[in-house]
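See structure below.
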Amino acid sequence: MPNKFYLLIAFLLGTLCAIAGNGGPPTPGIAGKRKPPPPPGLSIDENISVLLIIALLFGFYIIYSHRLKTKAPI
């Protein structure tokens, strides 16, 4: 049994290494002579605090609504 477990872990790690690859992303253009396109205008982290607050409120709502549906023993 342990041999199967180690074999599975080795297979999964080998697959992840093959997917990740050793090199970076390919260079854009012919042999890297053109400049890469500029990054998008808005950053991802611009409204991260608002998204976290919304996620917490939604989580509280889900937990509270689940507690209302289940009856607690008296």
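- To the nearest 0.5 Å, atom CD1 of residue I62 and atom CG of residue L57 are 12.0 Å apart.
- Judged as a side-chain contact (heavy atoms from CB on, under 4.5 Å), and not counting sequence neighbours, the contacts of I9 are F5, L13.
- Taking OH of Y61 as the reference point, atom OH of Y64 lies at 11.0 Å (rounded to 0.5 Å).
- A distance of 11.0 Å separates CD1 of I53 from CD1 of I48, quoted to the nearest 0.5 Å.
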